[in-house]
There are 2 protein chains.
Amino acid sequence: MARGAIWAAIAGTLAGELAQGLYPAGAKLPTEAELAARFGVNRHTVRHALADLAAKGLVVSRRGAGVFVASRPTDYAIGRRVRFNENVTAAGQVPSRELTRLETRVAAGHEAAALGLEPGALVQVVEGVSLADGQPIAMFRSVFPAARFSGLLDALREVPSITMALAAAGVDDYVRASTRVTAKAAKPVQALRLRLREGAPILRTEAVNVDGAAVPVEYGLTWFAGERVTLTLSV
Amino acid sequence: MARGAIWAAIAGTLAGELAQGLYPAGAKLPTEAELAARFGVNRHTVRHALADLAAKGLVVSRRGAGVFVASRPTDYAIGRRVRFNENVTAAGQVPSRELTRLETRVAAGHEAAALGLEPGALVQVVEGVSLADGQPIAMFRSVFPAARFSGLLDALREVPSITMALAAAGVDDYVRASTRVTAKAAKPVQALRLRLREGAPILRTEAVNVDGAAVPVEYGLTWFAGERVTLTLSV
DNA sequence: ACGGATTTGTGCGTATGTATG
DNA sequence: GCATACATACGCACAAATCCG
């Protein structure tokens, strides 16, 4: 700890305590004065450390109120190629997911249309929650043509990502063909799953992913916790 | 100027002078003490402004040496999927381009070979300069099979990127199949276009892009201003 | 090669402004 | 209105890296 600047050591200590979950997301940190006393340094030195953490997106400060644990990830890139795991790992977090439904059923009208299927065709449906460092980031529902991906549901139980399950089904690459983004208020069930209050802002994206031959492989709806995610639209 | 923090006003003033090209890339800014005297503020206030500029990637400071104008963009990702606009926008800059040539002609031997065409086949050729925030980043020459992309030149006049022009021609996705990188010295014409001195280092990349069916759609040469770009090879 | 001057980095102390609760 | 807490700004001092004669 001796080598390097004092502020860097303090920032590292605080970052460790944040990663450890000592302070829950949204919690208020001790005041700058208290932190200065704790580490035995001037308040400016604490501020330098906090500025570093703020630049990394770990904390957010509000004048007159305090310094709070940021709800990460701050940014979620939405481009032609979106991989949840890449977004999360790029933010230095650990991605995980919980599956809440796996089923094969008849496609709804808009699902069949989005996937270019005949009305009444069968589809595989997977629903679940995506988490970063254990905190819910988004709910998702993905719909796949059942005729092409017969073993997909089994694969999804085995591997940790949709990308890998599709790869096992022979789709080694896919791109986002279209995306629509709307803002909604959280319904009770959504608020429960995403650990939000009812009525909290939700970002809803609707996307169609296609393979290299432009054939639709997935029709996906995702509901992001608006307070924890900023969608970044690239191109 | 009165509203807002002093450091923010100073940062804005300096950012404007940088954007104006008052200091060339790589040049040394006045010392913190000099800037403090110029703006009539404490050195800490100048440091706050410089820290802000550094966070935005506009300047780089070296202890004992000084503060220097950053040569942006620092990184230019070269992967299987390269889109100039994505690289530039990811760096927080505004992409643009100037077309210097649009023509249809007989393919040269190496061009036909790269695109898998018969010798003597016709190709569409577009040449131009890519800029980020108005500063030249690279010269490019792209060659396309004329038989497949008859309306491409017209599309290129309409849309701001090659990716979009190809999309209009039915290629909604393409990947970089091969890339070769060499280093050259700027020739007089290149130095003029890229606003470099003659003999300045140039990074020359030669790439073949293919569509989802592995059919070549573009043979491209790009000459990057070596002093302003670092190519990052990924995958 | 060396040493002093220069320049940025770090840290403390103090004072005042401004938003919050 | 009042106390609290972060934001800004000034001043001083020394350390560390670089530069130059």
Side-chain angles (χ1 to χ4, degrees), chain A residues 1-15 17-18 22-72 74 197 227, chain B residues 1-15 17-18 22-72 74:
Chain A
M1 283 269 277
R3 82 151 170 271
I6 297 176
W7 68 261
I10 294 175
T13 299
L14 291 176
E17 294 179 356
L18 291 176
L22 203 151
Y23 304 101
K28 182 177 176 302
L29 267 63
T31 69
E32 294 177 350
E34 288 169 348
L35 288 174
R38 167 183 165 190
F39 292 105
V41 298
N42 188 275
R43 186 177 147 236
H44 278 311
T45 307
V46 167
R47 279 183 60 75
H48 198 157
L50 290 175
D52 182 63
L53 295 180
K56 291 177 181 172
L58 295 180
V59 300
V60 175
S61 64
R62 287 166 45 211
R63 172 185 294 194
V67 179
F68 301 84
V69 181
S71 344
R72 304 163 300 150
T74 310
R197 68 186 180 285
E227 293 172 340
Chain B
M1 283 266 279
R3 80 157 168 270
I6 298 176
W7 68 260
I10 295 176
T13 300
L14 292 176
E17 294 179 355
L18 290 175
L22 203 151
Y23 304 100
K28 182 178 175 300
L29 266 61
T31 68
E32 294 176 351
E34 288 169 349
L35 289 173
R38 168 185 165 189
F39 292 105
V41 299
N42 187 275
R43 186 179 146 229
H44 278 310
T45 306
V46 167
R47 281 181 60 74
H48 197 157
L50 291 174
D52 182 63
L53 296 179
K56 292 176 181 171
L58 295 179
V59 301
V60 175
S61 63
R62 287 167 43 212
R63 174 187 289 194
V67 179
F68 301 84
V69 181
S71 33
R72 305 166 301 149
T74 310

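First the proteins, then the strands, lettered A, B, ... as listed; each starts at 1.
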Inset, instruction - Give the rounded distance in Å between these two atoms: CZ of A:Arg47 and C1' of D:dA5. - result: 10 Å
Inset, instruction - Give a yes/no answer on whether the side chain of A:Thr31 brings an N or O atom under 4.0 Å of OP1 or OP2 in D:dT4. - result: no
Inset, instruction - Check the distance between D:dC6's C1' and A:Leu29's CG and give it to me in whole angstrom. - result: 13 Å
Legend entry - Separation of A:Ser61 OG from A:Arg47 CZ (nearest 0.5 Å): 7.5 Å
Legend entry - Contacts of B:Arg63 that satisfy salt bridge (charged side-chain N to carboxylate O under 4.0 Å, His left out) - sequence neighbours left out: none
Legend entry - Atom-to-atom span, CD1 of B:Ile10 to P of D:dC10 - whole angstrom: 8 Å
Legend entry - Nearest heavy atoms of A:Val59 and A:Val67, plus distance in Å: CB-CG1, 3.9 Å
Inset, instruction - First locate atom CG of B:Asn42, then atom CD of B:Glu32, and finally report the distance between them rounded to the nearest 0.5 Å. - result: 10.5 Å
Inset, instruction - In whole angstrom, give the distance that lies between atom NE2 of B:His44 and atom P of D:dA13. - result: 13 Å
Legend entry - Nearest-Å distance for atom pair CD/P, residues A:Glu32 and D:dA7: 6 Å
Legend entry - Closest nucleotide among D:dA9, D:dA13, D:dC6 to the A:Val67 side chain: D:dC6
Legend entry - First-last contacting nucleotides on DNA chain C - partner chain A, under 4.0 angstrom, heavy atom: C:dT10 to C:dG21
Legend entry - Point-to-point distance, once rounded to the nearest 0.5 Å, from CD1 of B:Ile10 to CG of B:Leu35: 8.5 Å
Might you list the N or O atoms of the protein lying below 3.5 Å from N or O atoms in nucleotides 18-20 of chain D, with each pair's distance?
residue : atom : partner : partner atom : Å
D:dC19  : OP1  : B:Arg62 : NH2          : 2.9

Inset, instruction - With sequence neighbours left out, write down each residue that passes side-chain contact (heavy atoms from CB on, under 4.5 Å) with B:Ala37, or none if nothing qualifies. - result: none
Inset, instruction - Identify, with sequence neighbours excluded, every residue that meets side-chain contact (heavy atoms from CB on, under 4.5 Å) alongside B:Ala33. - result: B:Thr31
Inset, instruction - Please name all residues satisfying side-chain contact (heavy atoms from CB on, under 4.5 Å) with A:Glu17, sequence neighbours left out, ordered by chain then number. - result: A:Thr13, A:Leu14, A:Leu22, A:Tyr23, A:Arg38
